[in-house]
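Working notes for the structure below.
Below, chain A is the first sequence line, B the second, and so on; all start at residue 1. The model shown is predicted, which means the values in this text are computed figures rather than measured ones.
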There are 2 protein chains.
Amino acid sequence: MYTHSCSNCAMSDLCLPLGLSKQEVQKLEEIVQTTAVKHVGDKIVRQGDKFDKLYAIKSGMCKAYRFDESGVEYVQSFHLPGEIFGLDAIYAKHYGFSVEALDTTVLCELDYRQLQNLCSEIPALQHQLFNLLSRDLYSSHVNPIEHFDQSAEQKLAGFVHNLLTRFQARGHNSLEMQLPMSRRDIANHLGLAPETISRLLKRFQNNEVLAIDNRIVSVLDVGKLQSLVHCHALEARITRRQVSKAG
Amino acid sequence: MYTHSCSNCAMSDLCLPLGLSKQEVQKLEEIVQTTAVKHVGDKIVRQGDKFDKLYAIKSGMCKAYRFDESGVEYVQSFHLPGEIFGLDAIYAKHYGFSVEALDTTVLCELDYRQLQNLCSEIPALQHQLFNLLSRDLYSSHVNPIEHFDQSAEQKLAGFVHNLLTRFQARGHNSLEMQLPMSRRDIANHLGLAPETISRLLKRFQNNEVLAIDNRIVSVLDVGKLQSLVHCHALEARITRRQVSKAG
DNA sequence: CGGGCTATTGAGCCGTGTCAAAGCCGGTGG
DNA sequence: CCACCGGCTTTGACACGGCTCAATAGCCCG
């Protein structure tokens, strides 16, 4: 199996070239383009635009968001290096979400039509793409349902912990993180009020779980943070989300 | 283009055989098995079981649910005829959700390995499967984020309206529906308390939106129901979910 | 007819949203 | 270099939706 050179994918078992022969990887690379650098606020795709490309983040951070029919904004996700977006637009033929850079960001562009043709030629590539779609589907099934039954504290702790884990998986071996998004974006993403985010961050600071300097967050106690994510899980909410009796 | 015979897929533009030649459909049918009938409470797959098959519902209704690490149950979805489940297990290699019949249910089984091989042979089938995955991904991106910012009333109204729409898309042209799931399942699915479901259903009854007889629900006023889904969208929650200023 | 599960109804409380005001930071222009 | 401005963030006071707990009623099945 060919070990490819895409440094950002080092931590992922789902980078597209995985499992491909040297020759096949070359074919894949022929249809990949690296875009110019994007800066804070630059839009990469706009909700409603015609779908033609998938994007993979090489460095930086992006936020994906949409406006519903009533003009209300929803921040769906924050994307880190190694992650691919646009997959949810294949069927609809139009992007369902706008994506913009929160930071200086470099991307790969993949023409979907070409990729699809290549998948017919290279079974291993088809296999990888099915896996990629399936993994995204799984996490978007598991994450939201667990979230929307949690307290604000659990949600925010989960959010910070999730980011930390993802940063660490990318080789960022420090407990300090730059969160380039606004409090309002975080609040929106978690379905909370911005004021609640402020109050909780302060509480986490008081409890010596986090240290916060504007948009720089340092995790002081990973264990405490983790326990905050699961804490209420057994005390409350057991009526709605019934605890298992059988196996 | 071959018009296939799967009556349940009549309303769907995503039934797998779509776009395939007669010959290709035949190949597909060779790897499809129809299971024995399942009855109320019968499990079709169990969370944690090794993944090997996808399932398509021919008739009946199922619920998909999982227990998290703390043993808390989450009802993820209710599946109707024409819908496929198991896609989110491709990557993980194990089912992430248990699925059980809520009703007398007939299913198709598709061996994934065989299907994947067939996709390499038949580009149109690969194309259909990418579309199917993408559509599921899209809806699991859009639905939950809009839900988890809604009032209990909006959630339940949305749930009923969604079911009605899906029943009607399947040719059920009546405003009366059998909801085979318990109040507890509905509550869990929506992230609410069962008591809240009871109270809201009564309120809908008082407002002459629904008529309820145990698990049989009749929609008396589709317009009112629809307006309940969107009602609070502009009054409240505008701080968190900011209303668009630009285009 | 009794047992057990499901559903309903009521009373009270807590978390989180809303509103309003003040503080902070970065950028711009005089 | 400093003053001003607008957006983001924080803080406080208050209200209310929906959860909890507890009791009652209905339904299915033996």
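- Results of the side chain to side chain contact (heavy atoms under 4.5 Å, CB included) test with Val222(A) over Val209(A), Leu175(A), Thr165(A) single out Leu175(A) as the only residue that passes.
- Between the side chain of Arg183(B) and the backbone N or O of Ile197(B) there is no donor-acceptor pair closer than 3.5 Å.
- Ring centers of Phe85(B) and His79(B): under 6.0 Å apart, within the cut-off.
- Remark: Thr196(B) is in phosphate contact with dC19(D), judged by side-chain N or O atoms under 4.0 Å from OP1 or OP2.
- A close approach under 4.0 Å does occur between a side-chain nitrogen or oxygen of Lys202(A) and OP1 or OP2 of dT11(D).
- Closest to the Ala193(B) side chain, of the nucleotides dA7(C), dT20(D), dT9(D), is dT20(D).
- Summarising the geometry, the separation between CD on Glu195(B) and C1' on dT6(C) is reported as 12 Å, rounded to the nearest angstrom.
- dT16(C) atom P lies 14 Å from atom CG of Leu201(A), rounded to whole Å.
- Counting to the nearest Å, the P atom of dC14(C) and the CD atom of Gln154(A) are 18 Å from each other.
- For the helix from dC1(C)-dG30(D) to dG30(C)-dC1(D), the end axes, each set by the C1' atoms of five terminal pairs, are bent relative to each other by 40° (nearest 10°).
- Across the protein-nucleic acid pair, Arg215(A) atom CZ and dC25(C) atom P stand 13 Å apart, rounded to whole Å.
- Here the side chain of Arg199(B) is nearest to one of dT11(D), dT9(C), dG17(C), namely dT9(C).
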**OP:** Give the C-alpha distance, both sets of side-chain angles, the deciding distance and a yes or no for salt bridge (Lys or Arg N to Asp or Glu O under 4.0 Å) between Lys63(B) and Glu73(B).
**Re:** CA-CA 12 Å; Lys63(B) 92 171 168 178; Glu73(B) 181 179 356; 3.7 Å; yes

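- When the P atom of dC8(D) is taken as reference, atom CE of Met181(A) falls 15 Å away, rounded to whole Å.
- At whole-Å resolution of the value, CZ in Arg183(B) and P in dC5(C) are 19 Å apart.
- Rounded to whole angstrom, the span from the CD atom of Gln150(B) across to the P atom of dG18(D) amounts to 11 Å.
- The phosphate of dT6(C) (OP1 or OP2) has no side-chain N or O of Ser182(B) nearer than 4.0 angstrom.
- The distance between atom CG of Leu192(B) and atom C1' of dG17(D), rounded to the nearest whole Å, is 11 Å.
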